[in-house]
2 protein chains.
Amino acid sequence: MKQITKYIIRNDLKRLFTYRLCLIGFKRKGFDRVYSYNLGEEAGVTAEQVRKDFSVFKIKGNKKGGYKINDLLRSIEEIFKYQHNQHVILVGMGNIGRALVQYKRFILRKMIIVASFDIDPSKQSKRFGIPVLPMDMMSEIINKFHVKVAILAVPEISAQDAANKLVDKGITGILNFAPVILKVPDEIIVNNINLCDELESVIYYTQKVM
Amino acid sequence: MKQITKYIIRNDLKRLFTYRLCLIGFKRKGFDRVYSYNLGEEAGVTAEQVRKDFSVFKIKGNKKGGYKINDLLRSIEEIFKYQHNQHVILVGMGNIGRALVQYKRFILRKMIIVASFDIDPSKQSKRFGIPVLPMDMMSEIINKFHVKVAILAVPEISAQDAANKLVDKGITGILNFAPVILKVPDEIIVNNINLCDELESVIYYTQKVM
DNA sequence: TATATTTTGTGATTTGTTTCACATTATATT
DNA sequence: AATATAATGTGAAACAAATCACAAAATATA
C-alpha cells in the first residue's frame with residue numbers, strides 16, 4: 001500500500017454528486033435545461049471544469065443547446081446504476097448508528113440498511129424499524145442479502161475488531177465513523193468520516209485569515 | 001466565486017488529522033518516537049509525504065532520531081490551538097442533530113455545543129443535556145457565547161433559510177449536513193457532509209474494478 | 001576521535017489536475 | 001439558404017501536488 005487514495009473519494013466523483021444536487025435544485029425551480037456555466041456557478045466550479053468532468057464520464061451535451069437536466073440526471077444515475085437496491089448492514093447502535101438507521105435519504109437513493117448489529121442485548125430488543133441483532137448473526141444476514149458494504153459506527157476501541165469480522169465475512173466496503181485508521185487488506189474500500197475532524201476544520205478555516 | 005476550495009478541506013489538513021490519529025494510536029501502544037516511514041505506513045502515505053506535510057506546517061524532527069510523539073502531537077495541537085473551548089451551536093434536532101448533541105468526542109476536542117435550536121416546540125421541551133431552544137433565541141445565544149460556528153442538521157427544504165439566519169446573526173462557519181449547496185457570502189466557510197454521497201461512494205468503488 | 005549509518009528536510013523532477021483557447025456544431029437570425 | 005451567434009468538447013498550457021534524490025545532521029560504532 002503506497003497511496004491513501006483508496007480511502008479518499010475522488011474529487012471528480014465528489015463533484016458529480018454536487019452536480020446532481022444542483023440539477024435536482026434546478027429541476028425543482030422549473031428549469032429543464034442548463035449550460036455548463038449555470039451548473040458551474042451553482043456548484044462553485046468553472047464551466048470548463050463541468051465540461052471536463054462530463055467528458056471524463058462520457059456525458060454528452062448539445063452544442064449551443066446545453067444539457068437537458070433530465071438527460072443529465074439519467075446519465076449520472078447511469079454511472080451509479082449498479083447501486084440500486086443495495087443492501088447494507090450497520091454495526092454499532094450508539095448515537096450515530098441509531099441516527100443512521102432512521103435516516104430516510106438512504107432509502108430514497110435505494111440504499112437499504114437490512115439489519116444492524118450490536119453487542120448490547122438491551123439494544124437488540126429495541127425497535128428501530130429494522131432488526132438489531134447480536135454479532136454472531138452477521139454471517140447469516142450477509143449471505144441472505146448478499147451484503148457487500150457495511151457502515152461501522154462502533155466505539156473506537158472495538159472498531160478494528162469489528163472491521164476484521166466484517167472483512168472475514170465477505171464485506172468489501174466500509175463506511176467508517178470510528179476515529180481509527182482501519183487495517184484492512186488492500187482490496188477493501190474504506191471511507192472514513194471523522195465528525196470531529198470535519199467540525200474542527202470549519203473552526204480552523206473560520207479563524208484563519210484567508 | 002471561482003473555486004470550490006472554500007467548501008473542501010485541504011488534503012494536507014486532512015492528512016494532518018490522520019497523522020494525529022495514528023500518533024495517538026502509537027502512543028497508546030507504548031511508543032514514544034516515530035520515523036516518517038512509521039507514520040507514513042500507518043497513515044497510508046509515503047514517508048516523503050509525511051515529511052513534506054510537516055515541512056509545510058513548520059514541524060521539525062530530529063535527523064536520525066525521528067520525531068518524538070509528544071512533541072509532534074503538541075505541534076499539531078499548536079496548529080489548532082485557537083480552537084480550544086470553541087462554542088458551537090446546532091440547528092435542527094432530527095435524527096442527525098440528536099446524535100450530534102450526544103456525541104462525546106466533540107467535548108474531548110474542546111468543541112462545545114452550547115445550545116441547539118428547533119422550530120418544533122415539542123423537541124424544545126425534551127432533555128438532551130443541552131437546551132433545545134426556539135429559533136428566535138439564536139441571537140441571544142450567539143452573542144452570549146461568542147459563537148462563530150454552527151452545525152446545520154435541518155431538512156433540505158429549510159436549510160437555505162436556516163443558513164441565511166445564521167449568517168445574518170454573525171455565524172462565519174457552517175458544518176452542513178443538509179444535501180443542499182448553500183448560497184452564502186464568499187467569506188463564510190461551509191463544509192458539507194452528505195451521508196448519502198459518502199455511502200454511495202463506497203458502493204461505487206466496491207463495484208468498480210480498480 | 002574518526003568513520004559509518006540512519007534519518008530528516010527540501011530543491012528538482014514527475015505526475016496529476018485545472019484552466020485556457022479555440023475548432024466544431026447546433027440554433028437563431030436575416 | 002447564408003451568416004451570425006452561442007454553446008460544447010477537447011488538446012495544449014499552466015498550475016498544483018506528490019515523489020525522487022540527495023545534502024545535511026544526528027547518532028552509533030570502531
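Bear in mind the structure is a predicted one, so any value in this text is a computation, not a measurement. Here is the naming used below: chain letters follow the sequence lines, and residue numbers restart at 1 for every chain.
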Worksheet item: Over how many whole Å does the gap from A:Asn11 atom CG to D:dA16 atom C1' extend?
Response: 12 Å

Fill in: Whole-Å distance separating the CG atom of A:Leu72 from the C1' atom of D:dT8
12 Å

Discussion item. Is any side-chain heavy atom of A:Gln49 closer than 4.5 Å to one of A:Asp53?
Written reply: yes

Worksheet entry | B:Asn194 side chain reached by B:Glu198 side chain, heavy atoms, under 4.5 Å | no

Worksheet item: For the pair made of NZ in A:Lys68 and C1' in D:dA7, what is the distance, rounded to whole Å?
Response: 16 Å

Discussion item. Just to be sure I understand the rule, does A:Gly65 reach a base, reach only the sugar-phosphate, or reach nothing, if contact means heavy atoms closer than 4.0 Å?
Written reply: nothing

Practice prompt. Ignoring backbone atoms, establish whether B:Arg15 has a side-chain N or O less than 4.0 Å from OP1 or OP2 of D:dA18.
Written response: yes

Worksheet, complete the sentence: Readout for nucleotides 9-15 of chain D: B = base within 4.0 Å of protein heavy atom, S = sugar-phosphate only, - = neither; 5' to 3' it is BBBB---

Worksheet item: Can you list every pair that meets ring pair (Phe, Tyr, Trp, His ring centres under 6.0 Å) and has a residue in residues 45-77 of chain A, with sequence neighbours left out?
Response: A:Tyr19-A:Phe54, A:Phe54-A:Tyr67

Worksheet item: Salt bridge or not for B:Asp197 and A:Arg109, using N-O below 4.0 Å?
Response: yes

Worksheet item: Quick one: B:Lys64 NZ to C:dG9 C1', roughly how many Å, whole number?
Response: 17 Å

Worksheet, complete the sentence: Taking D:dA18, D:dA7, C:dT8 as options, the one with an atom nearest any side-chain atom of B:Gln49 is D:dA18

Practice prompt. Determine, for A:Asp71 against A:Arg74, whether the closest basic-nitrogen to carboxylate-oxygen distance falls under 4.0 angstrom.
Written response: yes

Worksheet item: Which whole-number value in Å describes the distance from B:Leu13 CG to D:dA17 P?
Response: 13 Å

Worksheet entry | Short side-chain donor-acceptor distance under 3.5 Å, A:Lys169 and A:Asn143 | no

Worksheet item: Hey, is the side chain of B:Tyr35 poking within less than 4.0 Å of OP1 or OP2 on C:dT8, counting only N and O atoms?
Response: no

Worksheet item: Can you find a pair of side-chain heavy atoms, one from A:Val101 and one from A:Met93, that are under 4.5 Å apart?
Response: yes

Worksheet entry | Rounded interatomic separation in angstrom, taking CG from B:Leu39 and P from C:dT7 | 14 Å

Practice prompt. Round to a whole Å and report the spacing from CG of A:Asn38 to P of D:dA7.
Written response: 9 Å

